[in-house]
Amino acid sequence: MSSDTANSQQLPDRVTLVEMGARDGLQNQLEILSAGIRSELINRLARTGLKRIEAGSFVSPKAVPQMADSYKVFDLLHRQPGITYGALTPNLKGFEAALAAGADEVAVFASASEGFSQKNINCSIAESLHRFEPVVAAAKKHGLNVRGYVSCVMGCPYEGDIRPSAVAGVAEQLWQMGCYEISLGDTIGVGTPLNAKKVLEHTSRHIPVSALAAHFHNTYGQALANVLALLEEGLSVIDSSVAGLGGCPYAPGASGNLATEDVVYMLHGMGIKTGINMEELLKAATFICDQLGIPSRSNAGLALSRSSHPSR
Ligand code: HMG
Ligand code: MG
């Protein structure tokens with residue numbers, strides 16, 4: 001099948017993928033992997049052409065044991081020039097640990113829903129934003145960029161529907177605080193394309209679309225459709241996870257993230273560049289699925305591994 005050239009003026013020529021596999025992908029797995037295997041996954045992902053890789057999180061190991069020892073993961077990386085290795089930091093303690101580990105950038109994570117904020121990070125939205133202020137200030141002092149996440153942008157496991165204006169309000173506060181990019185997270189994967197556009201429309205009243213990213217879980221199979229809807233609105237930074245791994249321990253029922261293989265297949269098929277080599281991506285997917293003893297959740301990954309069809 002030949003690649004169709006993008007025929008819409010609005011579609012970007014190039015999309016940046018932010019790889020979630022080693023963090024969001026592993027944080028909810030039954031199997032707790034060693035730092036050695038986690039860093040090996042990242043080293044393999046670094047060979048694919050991905051330029052932004054979330055490598056771990058500096059959160060309470062009691063809350064998320066899968067992410068314990070993230071400092072060891074950083075220590076074992078074969079760092080490649082031009083790749084940003086990021087880490088999640090919920091508070092100053094996490095930031096200091098991420099800094100000591102050598103994270104290139106950090107991310108704070110808020111929620112558009114009070115219920116999820118309480119379950120996930122044990123505080124209200126307002127308290128979380130208050131906690132993030134010194135993290136952003138310290139990061140700036142050390143020359144590190146801070147990404148901001150807003151979770152539950154199209155639905156919450158505890159509160160149901162979420163208003164786009166609530167999402168925009170939290171996103172704007174993270175932006176005003178100094179986050180350079182805001183990733184809009186459909187944590188439980190319930191959103192559909194027109195809702196996704198609505199969330200983007202509200203949020204982009206406060207933040208340029210060029211500083212927004214989309215983070216879709218694929219629980220209801222809507223992630224690719226949502227991505228396309230937002231590409232049409234000019235968004236060009238997408239979070240995805242190798243083999244479609246993913247989930248959040250505090251988002252019951254949520255399945256994996258949008259699979260990196262699936263979004264790469266779609267983008268390359270539309271003539272949109274990602275800089276990613278599908279063969280290397282498939283190798284990284286096979287490696288991590290073997291380690292976890294689970295099948296890939298990527299349709300493109302499964303199809304390409306079985307077929308003689310040339311990969312994108
Ligand atoms: P807390 O209990 O309110 O915190 O938890 P605390 O300050 O009262 O401390 C309690 C204990 O945690 C203490 O230890 C602290 O030292 C320790 P103890 O005295 O009991 O032994 N602690 C820490 N340890 C390591 N690193 C730290 C840290 N901070 C405190 N940074 C806290 C608050 C945020 C720490 C906790 O709730 C937590 O770690 N939550 C983790 C939540 C998480 O990682 N969720 C998954 C990531 S978010 C996500 O997946 C969504 C996203 O993908 C986007 C989307 O899909 O929408 C990003
Ligand atoms: Mg997530």
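Atoms within a ligand are numbered from 1 in the order they appear, just like the ligands themselves.
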message: Would you say NE2 of His206 has more than 12 non-hydrogen atoms from neighbouring residues, nucleotides or ligands within 6.0 angstrom?
response: yes
Among Ile182, Leu184, Leu200, side-chain contact (heavy atoms from CB on, under 4.5 Å) partner for Ile207: Ile182
Within 6.0 Å of NZ in Lys197, more than 12 heavy atoms from elsewhere: yes
message: Applying a strict under-4.5 Å side-chain criterion to I, L, V, M, F, W and Y, I'd like to know whether Val263 and Val237 cluster together.
response: yes
message: Using a strict cut-off of 2.8 Å, how many protein N/O/S atoms surround the Mg ion (ligand 2)?
response: 3
message: Any salt bridge linking Lys283 with Glu279? Criterion: basic side-chain nitrogen under 4.0 Å from a carboxylate oxygen.
response: no
task: Take atom CG of Asp290 as the centre, draw a 6.0 Å sphere, and report whether it contains more than 12 heavy atoms from other residues, nucleotides or ligands.
output: yes
Residues which pass salt bridge (Lys or Arg N to Asp or Glu O under 4.0 Å) with Arg79, listed by chain and number, not counting sequence neighbours: Asp104
message: I'd like the residue list for ligand 1, meaning every protein residue with a non-hydrogen atom under 4.0 Å from the ligand.
response: Arg23, Asp24, Gln27, Phe58, Val59, Ser60, Pro61, Lys62, Ala63, Val64, Leu88, Pro90, Asn91, Lys93, Gly94, Phe109, Asn120, Ile121, Asn122, Tyr149, Ser151, Gly185, Thr187, His215, His217, Cys248
Could you pull out every donor-acceptor pair under 3.5 Å between side chains of residues 48-62 and any protein atom, sequence neighbours left out?
| from | atom 1 | to | atom 2 | distance (Å) |
| --- | --- | --- | --- | --- |
| Thr48 | OG1 | Leu45 | O | 2.6 |
| Thr48 | OG1 | Leu50 | N | 3.2 |
| Arg52 | NH1 | Glu181 | OE1 | 3.3 |
| Arg52 | NH1 | Glu181 | OE2 | 3.2 |
| Arg52 | NH2 | Tyr180 | OH | 2.7 |
| Arg52 | NH2 | Glu181 | OE1 | 2.6 |
| Glu54 | OE1 | Arg23 | NE | 2.6 |
| Glu54 | OE1 | Arg23 | NH2 | 3.1 |
| Glu54 | OE1 | Tyr149 | OH | 3.3 |
| Glu54 | OE2 | Tyr149 | OH | 2.5 |
| Ser60 | OG | Lys62 | N | 3.1 |
| Ser60 | OG | Ala63 | N | 3.3 |

message: With a 4.5 Å cut-off on side-chain heavy atoms, are Leu281 and Val242 touching?
response: yes
